[in-house]
Structures are given as structure tokens and as C-alpha cells.
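In what follows, every chain begins at residue 1, and chains take the letters A, B, ... in the order their sequences are listed. Keep in mind that this is a model prediction, so the values were computed, not measured.
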Amino acid sequence: MIKVYNTLSRKKEELRSINPPKIGMYVCGPTTYNYIHLGNARPLVVFDTIRRYLIYRGFEVTYVQNFTDVDDKIINRAHEENKEAHEIADFYINEYFKDARALHVREADLHPRVSEHIPEIIEAIKALIDKGHAYVRDGDVFFAVSSFPGYGKLSGRSPEDILAGARVEVDERKEEPHDFALWKSAKPGEPYWESPWGKGRPGWHIECSVMSMKYLGSTLDIHGGGADLVFPHHENEIAQSEAYSGQPFVRYWLHNGFITVNKEKMSKSLGNFFIVRDILQKYSGNVVRLYLLSTHYRSPLDFDDSKLEEAERALERIKNSWHLLQEALGEPGSTDLTPKDEELSRELDTLRAEFIMAMDDDFNTALAISHIFGVVRAVNRYLAEAKTRSRPVLEHAMQVFREMIDIIGIALDAEEAQSSSKVRDLVSSLVEFRRQARQEKDYPTADMVRDLLHRQGVILEDSKEGSRIRLETEPELEGLMADIMQMRQSLRKDKNFARADQLRETLAAQGIIIEDNREGSRWRLVD
RNA sequence: GGGCGGAUGGCGAAGUGGAAACGCUGCGGUCUGCAAAACCGCCAUUCACCGGUUCGAAUCCGGUUCCGCCCUCCA
């Protein structure tokens, strides 16, 4: 049984969809006038993980995420850059997808845009006016909050509370101060659409009501977003949608907590935000995901560089175990079961059950991840201690391991595939070169190779069977070669010509020709 | 002012009535030419503070202090 914390009821409730096994899920997407920052990335990753988990548990999820591509900020940006508003929106939507992909966020089933739903929005506004929930004031249309009795139920405040705390100047034309715009008339130079009330564009809140109900029906199972959307955005969505359809709008409201910097909310207005694109320069999507999911989604999450460093080391532990396991699967393995095999198998089943229990409890990814480390420990211990290795048990381990990291969205196979073959081959040949040096007890050279590789982001580990390599980062061919050339220079300086020549031959076998002359050495590729 | 949430080891973070998970860091050991990885072991008698309920409280109740968020565009 999956339990979710519902902002509306302020408690955990059993998740029951309207039409099992279907689940309709709508998540508020970004306003596309800039690259997304880490604060924007949290709901992306959180709700992507929730979606993955619901699918894992057998639900047929329809996942909808909108783009707000009509908005004041986009218009302003367009003015600044002397472009059309839709050009700005299109550009950043495209950039959004690049970041999302890098974070292993799966594309939604539908990505509706406001600009493509203007007729439906106008129809909805008309209906609200007809039903007496909205009124027109010189080209603008406002929603009459007093016409909707349940207003304030999501954010837990009464209309009086809202008035008491009003900090903003009220538009004189509104009947009540907390009424909000459904349609805004266009000022000169602004993009507009024709409507019964004149040229203008939709207000912010109406888009989500119209688009979510269009694709998911008048009652959504899950509506998600950041906690800052609770009021007024989601409160207004409820008012509009329920006034329009007469049906409950959403069964479960899910809200993620903020990312903070020095305990302060990361936001564009405070200027303390970090662009996802920049972070991904230094850390992989796997690292960012592990960081974002290592705290429960409703809790605040403080950011600084050391947090990503820590996540990176934690990910290393997972990756090491994964590679160890893959390596073991590459060997023959036995088929009969020893007590150690049975113990591991039992442990794996327990860990999987615990992982599911954690996720069932309002998507407790922090606890769930601890069970991934449980698998890591169990597998590592088995590999270190078992005299024989049972193939079916290793496969079982791989299966459980994969299920778990897939839900969290850590993609280990993809990371492997990124490595280009040329550099890979070059690294392997250096490892072979070092093996020979070690065999001949030429440890200074062997260590020199290891240091070189280490500088290039390649970690070498020696074992009885041979050397294992781990790529921390993908070395650049140019940088790697420069380092190799330098190492060879120092071999020659030490008059270790045999080794230097051997290195030259090794590289030649890789299609890399080294030429020595009076000025120094250079290298080139042959095909 | 109104509404909501939080305070757990050196750091991060689970845990909501009965052995204080997990990760990072640090320390000791095994393995190793050395290193790394891995394995084994150690590191909170204590969960902001005070009082109460209970056989039993980090967990429930009351109070205090501190912190964050929302009430304005925001994920």
C-alpha cells in the first residue's frame, strides 16, 4: 500500500487512483525565460522518481508537465534581447530538455504549452463568467473568489487571513482584493490573442487548470509542484477548476520543499541560484540525482559544493560495487548453492522488500537509498568472502541492484558507454604497458603510469587477477597524450631507453606514432 | 501581524512509544611491492531546552529558545 502526504488534508493517505491501474499526474513545469537552476531541478527529479516508482508498482501513469511559454518575464526578456517572445520561449524549452535529459528525467507523456491552448482557455473563462464566477473589467477578466466557498482549503487560510497579511497593492478594479486575473489585456508592444474581451493573454493560473483537465479529466489523481506554488497558484487552480467543472479537481496534492543556500531559499529574486548547466559541467547527472534524493522530498535541502562532493563519493561506492559485480558476472561461476549463496539471496530479497516499504511510505528516497547501500555491502562482502560464486545468485543480485538504481534514476550503464573507444583503447594499452613494467619489478615506471592515469581521472586498482580501471572523468585525447609524452621524456632522461621504446611500440599498436627529433618529440594519429 | 514546517554524532540524513538506520569524514586491522578498492572493527548512554504522561519518549502532551518557508513573480 502506497501512502502519500496530501497537502490538502495535511496527512498521509493511502494512494488510490480513480481508475486503477491508471494514474493521471500533472506537474507544474517551468516558465521558459532562462536556463533552469537547481531549485527548479528538484521537482523535476523528485516527480520523475515518483513516476518511475508508480510504474514499477504497476500503475499506468499518464504524466503531464506544462511549459508556461506566455508570461511577463518572457515578454521582458524578449524586449531586452530584441526578439519575439515565442523565440525566447522556444529556445529555453529546447535547453530545458537538454538539462532534463542530463538529469535522467524522462520526458513527460505530454508537454502542453499555454500558447497552444488559447481557444480552450477562452472557452473556460467564458464558462466561468456565465456561471457567475468571473467578471470583466475593461478588457481584463477576474475570478471572483467570494463566489467559491472552499477558497483557502489547500493553503489552510481563510480569506480574512489572506487579507490580514496582504502586502501588495490591490488593483482598484477588483471586487475583492484576493480576486485574480483570468485574462489580461495587452499593453502596446505585448503579444496578444483575440478574445471576446479584446486583445490579451491568459492569466498565470488558468493554464494549468485548462491543460490538466483537458488531458487528464476533471479530477486528477496527483498534482505536484514546489511548495511555493501552494499559495496562490494551486489555491487559485482549485477555485477555477472546481467552479468550472463542479468536480473535485485533485485527489492528492504533492509539494516538494525548497533548496536553500546558507539556509535561505534559492531563488531568482535573491540571486543565490545555481544553474543546472554549470553544475553538470563538474558533476554527473547521477551525482546530482543522488544528492537531490538523499533527503526526503518535503524537507528543505541545503546546497553547497561540499554536498555534491559528498554525493559523488557516495556514488563511487555504488559504482565500485556495480563494477565488481559485473566483473564477477563475466567469469564462469558455479551452479550449486552454498550457504553463503543462500544467505546473499535471502538478504537481497529482504533489501528489496525494505526498499519497497520505504518508497511506499510517501516516497522516502533517503531511506530507500540506504537499502541500495545495503545491497552494496551484501554484494561486496559476498564477493570478498565466498570461495565459489554462484551464477544464478550473482544474476539475482544484479537484478535487484538494477531495479533499485533504475527507480532512483542512477544510470550506470550509460556512464560506461560515454567513453570514446580511442581513449579507452589508449588507456588499456597503458595498463598493459604498466603490467609489463610491474612484472619486471620496474615499480618507478609502474607508479609513474598510475600517477599519470590518476591525473587524467582514471583510477587504477591492482588485484591478483590484474588491474582494474575506473573512469572518474573521461580523459581528453590531447591532454592524455601530452601527459604520456612528458612521461616518456622523463624515461629517456633517466636513460630508461628500453622502457621508452617499449612505450613507443605500445602506442604505435594503437595507431599513434611518436617521432623523436632534436627539438623534442611529437605524436600523430594514423588510421 | 496571519498561516505552515523544522531543530538527531565532526558533516549530511532516516527514524514518530520498546536495540539511535544509511552515507561522507576520521581512526585501528586484513589484503597489497606500494597504493587503491574491498572486507572486519571503532566513533551519539544520546536526539535544542524545561516540565508532564507512561513500566518505557528522539518519538505523545504543555511551555521556552532558535531557524526556515508562504502570505508578491518563484520549483
Side-chain angles (χ1 to χ4, degrees), chain A residues 7 10 27-31 33 36-47 68 71-73 76 152 155-158 160-169 178 204 224-233 235 255-260 262-270 273 290-291 294-296 298-302 304 306-307 309-321 323-324 354 358 361 364-374 376-377 379-385 438 441-444 446-447 450-451 454 459-464 467-470:
Chain A
T7 308
R10 266 173 225 94
V27 177
C28 288
T31 302
Y33 69 104
I36 59 167
H37 68 248
L38 194 62
N40 305 115
R42 168 120 100 145
L44 286 183
V45 168
V46 162
F47 290 107
T68 300
D71 175 89
D72 289 346
K73 291 185 291 273
N76 292 340
S155 50
R157 54 192 103 196
S158 62
E160 300 80 63
D161 289 340
I162 298 165
L163 282 186
R167 290 193 317 209
V168 110
E169 255 180 80
H178 40 285
W204 174 37
D228 47 359
L229 297 179
V230 172
F231 190 91
H233 185 55
E235 195 68 73
H255 292 99
N256 64 274
F258 304 119
I259 296 193
T260 58
N262 296 323
K263 307 284 178 193
E264 260 191 340
K265 181 185 172 188
M266 181 184 292
S267 73
K268 287 178 185 161
S269 46
L270 288 170
F273 58 90
L290 192 62
Y291 159 69
S294 62
T295 299
H296 186 92
R298 282 190 284 115
S299 302
L301 176 56
D302 203 55
D304 63 71
S306 71
K307 303 291 166 53
E309 297 287 347
E310 189 183 317
E312 190 165 49
R313 291 201 199 104
L315 181 69
E316 275 303 305
R317 183 165 162 80
I318 294 172
K319 271 159 67 174
N320 282 334
S321 184
H323 291 148
L324 252 24
E354 285 174 334
D361 184 14
N364 191 338
T365 52
L367 187 56
I369 287 169
S370 80
H371 299 309
I372 294 181
F373 286 106
V376 165
R377 189 179 330 96
V379 165
N380 286 348
R381 192 188 314 139
Y382 174 82
L383 293 177
E385 290 176 356
R438 281 186 78 209
K441 302 250 187 285
D442 180 2
Y443 292 122
D447 289 350
R450 184 169 60 197
D451 291 347
H454 187 80
I459 311 292
L460 259 192
E461 290 163 8
D462 297 328
S463 67
K464 279 165 234 95
S467 300
R468 177 182 303 126
I469 56 173
R470 292 192 284 129

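- Using a 4.0 Å heavy-atom cutoff across all strands shown, Gly39(A) reaches at least one base atom of the nucleic acid.
- The base-pairing partner of A75(B), taking Watson-Crick or G-U wobble contacts with both distances under 3.5 Å, does not exist among the strands shown.
- Taking atom C1' on both nucleotides, C55(B) is separated from G10(B) by 36 Å, rounded to a whole Å.
- One C1' atom belongs to G62(B), the other to U53(B), and the distance between them is 11 Å to the nearest Å.
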Tabulate atom names and distances for all N/O pairs under 3.5 angstrom spanning the protein and nucleotides 65-69 of chain B.
unit_1: G68(B); atom_1: O3'; unit_2: Lys263(A); atom_2: O; d: 3.2
unit_1: C69(B); atom_1: OP1; unit_2: Lys265(A); atom_2: N; d: 3.2

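- One donor-acceptor pair, N or O on each side, does fall under 3.5 Å between the base of G33(B) and the side chain of Arg438(A).
- For the pair Lys265(A) and Phe258(A), the distance from NZ or CZ to the six-membered ring centre is under 6.0 Å and the angle to the ring normal is within 45 degrees.
- A44(B) makes up no base pair with any nucleotide shown, lacking Watson-Crick or G-U wobble contacts both under 3.5 Å.
- G51(B) is paired with C61(B) under the Watson-Crick or G-U wobble criterion, all donor-acceptor distances under 3.5 Å.
- Among the atoms of the strands shown, only primed sugar atoms or phosphate atoms (P, OP1, OP2) are found under 4.0 Å from some heavy atom of Ser299(A).
- When atom types are taken as modelled, the side chain of Asn320(A) and the backbone of Arg317(A) share no donor-acceptor pair closer than 3.5 angstrom.
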Derivation of the side-chain contact (heavy atoms from CB on, under 4.5 Å) call for Ser321(A) and Arg377(A): CA-CA 8 Å; Ser321(A) 184; Arg377(A) 189 179 330 96; over 6 Å; no
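- Backbone-only engagement by Asn380(A) is indicated by non-hydrogen atom pairs under 4.0 Å involving sugar-phosphate atoms exclusively.
- The shortest distance between the side-chain N/O atoms of Arg381(A) and the OP1/OP2 oxygens of C40(B) is below 4.0 Å.
- Using Watson-Crick or G-U wobble geometry with both donor-acceptor distances under 3.5 Å, A38(B) finds its partner in U30(B).
- Closest contact between the side chain of Ile459(A) and the listed nucleotides A38(B), G33(B), A36(B) involves A36(B).
- The existence of a salt bridge linking Arg468(A) and Asp462(A) is excluded, since no basic side-chain nitrogen approaches an acidic carboxylate oxygen closer than 4.0 Å.
- Residue Asn364(A) has a polar side-chain atom (N or O) positioned under 4.0 Å from OP1 or OP2 of G15(B).
- Between Ser155(A) and the phosphate of G2(B), there is no side-chain N or O to OP1/OP2 separation shorter than 4.0 Å.
- In this structure, G5(B) and C67(B) make a Watson-Crick or G-U wobble pair, each of the two defining distances being under 3.5 angstrom.
- When heavy atoms are screened at a 4.0 angstrom cut-off, Ile372(A) is found touching no nucleic acid atom at all.
- If you take NZ of Lys441(A) and P of C34(B), they are 11 Å apart, rounded to a whole angstrom.
- Among the heavy atoms of the strands, none lies under 4.0 Å from Leu44(A).
- At the heavy-atom level, Lys307(A) lies under 4.0 Å from the strands shown only through sugar-phosphate atoms.
- G28(B) and G68(B): their C1' atoms are spaced 41 Å apart (whole Å).
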Could you run down nucleotides 20-28 of chain B 5' to 3' and tag each one B, S or - for protein heavy-atom contact under 4.0 Å? -BSBSS---
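- Ion pair Glu316(A)/Lys319(A) flagged as a salt bridge, since at least one NZ, NE, NH1 or NH2 atom sits closer than 4.0 Å to an Asp/Glu carboxylate oxygen.
- Nucleotides U32(B) and C43(B), compared at atom C1', are 27 Å apart to the nearest Å.
- Distance noted for atom P between A58(B) and C4(B): 27 Å (whole Å).
- Thr260(A) and Asp302(A) share a donor-acceptor pair across their side chains, judged by distance under 3.5 Å alone.
- Not a single donor-acceptor contact under 3.5 angstrom links the side-chain atoms of Arg42(A) to the base of A75(B).
- Among the heavy atoms of the strands lying under 4.0 Å from Asn320(A) are primed sugar atoms or P, OP1, OP2 only; no base atom is included.
- Only the P atoms considered, A13(B) is 16 Å distant from C24(B), to the nearest whole Å.
- Using N1 to N3 plus N6-O4 or O6-N4 for Watson-Crick, or N1-O2 and O6-N3 for G-U wobble, each under 3.5 Å, C24(B) pairs with G10(B).
- Listed nucleotides A75(B), C40(B), A35(B) differ in distance to His37(A); the shortest reach to its side chain belongs to A75(B).
- Going from the C1' atom of G9(B) to that of G5(B) covers 24 Å, rounded to whole Å.
- Among the protein residues, Asp302(A) comes within range of no part of the nucleic acid, since none of its heavy atoms lies under 4.0 Å from any strand.
- Between the P atoms of G18(B) and C61(B), the separation comes to 16 Å (whole Å).
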